[in-house]
Amino acid sequence: MNDDDHILGDDHGGGADGAGGFDGGVLEDELRRAAAVLDPVPDVLCQLAVEAYALHDLDARVAELTFDSLLDALPVRGAVDVPRMLTFQAGELTVDVEVSGDGLMGQVMPPQPARIEVLRGPGPGARLTADDLGRFTGDAPPTGPFALRLRTGGHVVVTEWLRA
Amino acid sequence: MIVTGSGTLPSTAYDDVPYTRGEFVDRADVGVLVQSAVDGDASAWKALVEGLSPLVWSVVRAHRLSDADGHEVYQTVWFRFAQHLGRIREPDKAGSWLASTARHECLKTLRSLSRLTVTDDPQLLDRISEDGSPEQSLLDSEEAAAQSERIRRLWQEFERLGDRCRQLLRVLMASPPPSYQEVSAALGVAVGSIGPLRQRCLRRLRARLDARGTS
């Protein structure tokens with residue numbers, strides 16, 4: 001390690017762009033080694049990311065998030081347990097979802113029955129059914145990353161992954 | 001893999017790569033790996049995870065989320081990447097895609113938290129000094145004690161930098177070193193300002209270490 005890697009050049013001027021011959025590369029490398037020891041990617045997370053390959057499904061359409069009350073709605077002052085409202089869209093199909101402490105409620109538009117899986121990760125998820133009017137409910141509110149996989153009219157649509 | 005020479009590259013897409021050294025992973029490989037993963041090659045996916053996980057993690061850490069939030073953001077980013085694989089318009093920029101998605105999710109988390117509570121730093125310093133992680137015990141072996149102390153001081157001074165520098169350096173120290181494009185996507189900072197900022201922040205850190213008598 002080069003202990004002579006001082007910042008002497010910094011004393012005159014203090015310009016913003018590297019004047020003075022100080023090569024930060026050595027220090028940056030030290031930081032990189034420190035991060036690898038003190039703050040590495042937790043193994044369990046790396047493993048989950050590897051397993052996430054199972055979520056790669058070219059046959060499913062992705063329903064993109066078009067509304068999220070977390071971003072698009074004004075906060076309600078003092079209200080702590082407001083339901084999170086989400087809207088996903090894939091072509092003609094819209095899925096409205098409301099997540100609260102009590103669970104999950106949703107509506108498929110245009111109204112149609114659907115088999116729905118609440119995904120929490122690469123493994124299988126809880127199964128729900130949307131009735132003929134496209135309405136569905138689930139008891140357990142999702143926490144953490146989740147997505148809905150809907151099978152309806154021969155199509156498979158998966159909502160964009162996000163955090164509940 | 002394209003071998004990038006040292007220092008005298010012509011103006012290419014690699015302009016934004018500030019340095020080339022040891023374990024430099026050529027980002028051109030990323031596009032190839034993405035395509036292979038789309039075609040069903042699980043080992044290509046694994047290589048992507050191994051090569052880009054530290055970048056995603058760095059972005060999460062740069063935003064100082066709690067462990068629980070950070071873990072969820074990290075997962076969400078990779079789940080979404082798997083979901084969008086094959087639909088990503090510029091596969092060779094998958095690193096930037098991941099960095100930008102991670103940033104977006106971090107900001108969303110911070111925004112939702114700010115509605116409820118004032119968040120505080122997750123006490124990283126305390127955790128480092130008290131936590132006996134395997135890496136830590138390894139470091140504490142006798143011959144490594146001095147090195148351990150050095151790293152600890154370096155990390156402490158890094159943690160005490162201002163938000164902007166701490167954030168930038170935390171992303172830059174991902175391994176392998178991210179490109180400036182990726183850093184830009186991770187922090188929402190213009191590519192052109194990263195070089196000067198980096199230099200300034202590293203100088204500040206050096207000055208802190210020198211002031212402390214550590215070199």
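Keep in mind it's a predicted model, so treat the numbers as computed, not measured. Convention: sequence-line order gives letters A, B, ...; per-chain numbering from 1.
Outside the 6.0 Å centre-distance limit, the rings of Trp45(B) and His56(A) are not counted as a close aromatic pair.
Contact residues of residues 162-169 of chain B toward chain A are Leu169(B) (heavy-atom distance under 4.5 Å). Interface with chain B: from residues 89-103 of chain A, no residue qualifies, criterion being any non-hydrogen pair under 4.5 Å. Taking non-hydrogen atoms and a 4.5 Å limit, the residue list of residues 119-133 of chain A in contact with chain B, ordered by number, reads Arg120(A), Gly121(A), Pro122(A). Along residues 145-157 of chain A, the residues that come nearer than 4.5 angstrom to chain B, judged on non-hydrogen atoms, are Pro145(A) in order of number.
Contact of Ala37(B) with chain A is made through backbone and side chain together, with heavy-atom distances under 4.5 Å. Only the backbone of Ala60(A) comes within contact range of chain B, with heavy atoms under 4.5 Å apart. The parts of Val73(B) that come within reach of chain A are both its backbone and its side chain, each placing non-hydrogen atoms under 4.5 angstrom from that chain. Heavy atoms closer than 4.5 Å to chain A are found in the side chain of Tyr74(B), but not in its backbone. In this structure, chain A has no heavy atom under 4.5 Å from any part of Val77(B).
Atoms CG and NZ, from Asp69(B) and Lys108(B) in turn, are 13.0 Å apart once rounded to the nearest 0.5 Å. The distance from the CD1 atom of Ile88(B) to the CH2 atom of Trp97(B) is 5.0 Å, given to the nearest 0.5 Å. Leu33(B) CG to Gln35(B) CD: the interatomic distance, rounded to the nearest 0.5 Å, is 11.0 Å. Here the CD-OG distance, from Gln181(B) to Ser96(B), works out to 5.5 Å after rounding to the nearest 0.5 Å. For the atom pair CG of Leu197(B) and CD1 of Ile194(B), the computed distance is 8.0 Å after rounding to the nearest 0.5 Å. Here the CZ atom belonging to Arg163(A) is positioned 8.5 Å from the CZ atom belonging to Arg84(A), to the nearest 0.5 angstrom.
Listed options Leu58(A), Val44(A), Asp57(A) were ranked by heavy-atom pairs under 4.5 angstrom with chain B; first place goes to Leu58(A). Looking only at heavy-atom pairs under 4.5 Å with chain B, the residue among Ala34(A), Ala52(A), Ala49(A) that has the most is Ala49(A).
Remark: side-chain polar atoms of Ser36(B) are not paired, donor with acceptor, to backbone N or O of Ala44(B) under 3.5 angstrom. Side-chain atoms of Ser58(B) come within 3.5 Å of backbone N or O of Arg170(B) as a donor-acceptor pair.
Within the 4.5 Å cutoff, the side chain of Leu86(A) has heavy atoms near those of the Leu65(A) side chain.
Look at Arg64(B) and Glu159(B) and you find a salt bridge, because one of the NZ, NE, NH1 or NH2 atoms lies within 4.0 Å of a carboxylate O, short of that distance.
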